[in-house]
Amino acid sequence: MDSVRGQGGIQMLLTAEQDAQHIVNSARTAKTARLRQAKDEAEREVQLYRTNMEAEYQKMISDTSGSSGSNVKRLEEETDAKIKNLKESSSKVRSDIVSMLMKYVTTVKT
């Protein structure tokens with residue numbers, strides 16, 4: 001009777017071991033599937049982020065390159081205004097400078 005009971009105990013242990021092995025294998029499979037799913041989700045998020053950043057960069061490039069023409073025009077207008085101001089101020093003092101130079105050139109120190 002002990003041998004039958006011993007055989008039944010061993011059989012129970014083997015069955016329990018097989019059940020545990022099935023549980024461990026299914027847990028490993030689930031873990032692997034979850035890791036693969038997490039990797040795919042992360043790759044999608046990275047791609048979405050990269051796409052958004054690229055779109056923002058392209059928008060910034062188009063904004064700055066589009067306004068460079070207006071910047072050039074604005075700078076040309078400012079330069080022309082400054083040149084005009086310099087010419088006006090030089091024409092105001094031109095006669096005084098010419099007479100001062102003539103005085104120094106024609107005056108002889110002895």
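Along the sequence shown, residues carry numbers from 1.
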Gln47: partners by side-chain hydrogen bond (donor to acceptor under 3.5 Å, both in side chains), with sequence neighbours left out: none
Please say whether more than 12 non-hydrogen atoms of neighbouring residues, nucleotides or ligands are located less than 6.0 Å from CD in Glu56. no
Gap separating the CG atom of Leu101 from the OG1 atom of Thr106, nearest 0.5 angstrom: 10.5 Å
Would Val93 and Leu86 show up in the same hydrophobic cluster when neighbours are defined by side-chain heavy atoms closer than 4.5 Å? no
Give the intermediate values and the outcome of side-chain contact (heavy atoms from CB on, under 4.5 Å) for residues Gln37 and Arg34. CA-CA 5 Å; Gln37 181 184 2; Arg34 178 62 189 132; 3.4 Å; yes
Under 4.0 Å between a side-chain nitrogen and a carboxylate oxygen: does that hold for Glu78 and Lys82? no
List the steps, then state whether side-chain contact (heavy atoms from CB on, under 4.5 Å) holds for Arg44 with Asp40. CA-CA 6 Å; Arg44 279 193 300 269; Asp40 292 343; 4.0 Å; yes
For residues Gln21 and Glu17, is any side-chain donor paired with an opposing acceptor at under 3.5 Å? no
Working to the nearest 0.5 angstrom, can you tell me the gap between Ser89 OG and Arg94 CZ? 10.5 Å
If I take atom CD1 from residue Ile10 and atom OG1 from residue Thr15, how far apart are they, to the nearest 0.5 angstrom? 11.5 Å
To the closest 0.5 Å, what do you measure between CE (Met60) and CD (Gln58)? 9.5 Å
In Å and rounded to the nearest 0.5 Å, what is the CD to CD1 distance from Glu54 to Ile61? 9.0 Å
Got a second to check how far Met12's CE is from Asp19's CG, nearest 0.5 Å? 11.0 Å
